[in-house]
Engineer: 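What follows is a structure written as structure tokens; I'll ask about it next.
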Amino acid sequence: PFADALKGEDEGHQEGVIHIRIQQRNGRKTLTTVQGISSNFDLKKIARFCKKEFACNGTVVEHPEYGLVLQFQGDQRNNIRNFLKKQKIASEDQVKVHGF
């Protein structure tokens, strides 16, 4: 389903490591950030799919140090890791999960 999310290339492959982090907001609220997804992929489409799939809100933000970063409400670390592997966006050794 993400073949059309690729920008221009016919084969989707990830070059670097994808970092999935969790940030504490206030109280029990958390924020999951995904950084390092290749620019070959359409991040807005990935965010839209994840929002529907995981029943959470999310957005694509421009981070001054990390570039384009996906943000999701709640602790979505395992969901996102499984999604990236299942859709063959990244392999197991390219996904690094941080936090707690």
Engineer: Is the side chain of T30 donor-acceptor paired with the backbone N or O of I22 at a distance under 3.5 Å, no angle test?
Structural biologist: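 Side chain of T30 to backbone of I22, a donor-acceptor pair under 3.5 Å: no, none is there.
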Engineer: Which heavy atom of A90 sits nearest to which heavy atom of I18, and what is that distance?
Structural biologist: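 Heavy-atom minimum between the residues: CB-CD1, 3.7 Å.
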Engineer: By the definition side-chain contact (heavy atoms from CB on, under 4.5 Å), identify the one residue from V69, L68, L43 that meets it with V61.
Structural biologist: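 Answer after filtering V69, L68, L43: V69.
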Engineer: Between atom CG of N82 and atom CD of E53, what is the distance when rounded to the nearest 0.5 Å?
Structural biologist: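 With rounding to 0.5 Å, CG (N82) is 11.0 Å from CD (E53).
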Engineer: Just verifying a value: how many Å separate T32 OG1 and H98 NE2, rounded to the nearest 0.5 Å?
Structural biologist: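 It comes to 12.5 Å.
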Engineer: Between A47 and L70, what is the shortest heavy-atom contact and its length?
Structural biologist: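 Smallest heavy-atom distance, with atoms named: CB-CD2, 3.7 Å.
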Engineer: Within this structure, what is the CZ-CG distance for the pair R48 and D42, rounded to the nearest 0.5 Å?
Structural biologist: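 These two atoms lie 7.5 Å from each other.
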Engineer: Measure the CD-SG distance between Q76 and C56 for me, rounded to the nearest 0.5 Å.
Structural biologist: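 Rounded to the nearest 0.5 Å, the CD-SG separation comes out at 4.0 Å.
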Engineer: Does any non-hydrogen side-chain atom of R21 lie less than 4.5 Å from one of Q35?
Structural biologist: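 Side chain of Q35 against side chain of R21, heavy atoms only: contact under 4.5 Å found.
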Engineer: Considering non-hydrogen atoms only, spot the tightest contact between K96 and V17 and give its length.
Structural biologist: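 Looks like CB-CG1, 3.9 Å.
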Engineer: Would the number of heavy atoms belonging to other residues, nucleotides or ligands and lying under 6.0 Å from NZ of K85 be above 12?
Structural biologist: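 Counting other residues, nucleotides and ligands, NZ of K85 exceeds 12 neighbours.
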Engineer: Evaluate the side-chain contact (heavy atoms from CB on, under 4.5 Å) criterion for residues I46 and V60: first the C-alpha distance (whole Å), next the side-chain angles of each, then the deciding distance (0.1 Å), finally the verdict.
Structural biologist: CA-CA 10 Å; I46 292 174; V60 179; over 6 Å; no
Engineer: State whether R77 and D75 are salt-bridged, where the test is any N-O pair (Lys NZ or Arg NE/NH1/NH2 against Asp/Glu carboxylate O) under 4.0 Å.
Structural biologist: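 Yes, this pair counts.
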Engineer: With no hydrogens and no angle check, is any side-chain donor or acceptor of Q94 less than 3.5 Å from a backbone partner on S91?
Structural biologist: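 Yes, because the side chain of Q94 sits within donor-acceptor range (under 3.5 Å) of the backbone of S91.
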Engineer: Once you measure the plane-to-plane angle for F83 and F54, does it fall in the parallel (<30°), tilted (30-60°) or perpendicular (>60°) bin?
Structural biologist: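 Perpendicular, since the angle between the ring planes exceeds 60°.
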Engineer: So does R28 have more than 12 non-hydrogen atoms from other groups sitting under 6.0 Å from CZ?
Structural biologist: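 Counting neighbours around CZ of R28, 12 or fewer heavy atoms of other residues, nucleotides or ligands fall under 6.0 Å, so no.
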Engineer: Atom CD in Q73, atom CG in L31: separation rounded to 0.5 Å?
Structural biologist: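 Between atom CD of Q73 and atom CG of L31 there are 7.5 Å.
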Engineer: Just do the side-chain contact (heavy atoms from CB on, under 4.5 Å) check on R81 and E92 with the steps written out, would you?
Structural biologist: CA-CA 8 Å; R81 187 185 73 217; E92 177 70 51; 4.3 Å; yes
Engineer: Could you walk me through whether Q23 and T33 pass side-chain contact (heavy atoms from CB on, under 4.5 Å), step by step?
Structural biologist: CA-CA 8 Å; Q23 293 177 328; T33 61; 4.0 Å; yes
Engineer: To the nearest 0.5 Å, what is the distance between CZ on F72 and CD1 on I80?
Structural biologist: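 Going from the CZ atom of F72 to the CD1 atom of I80 covers 4.5 Å.
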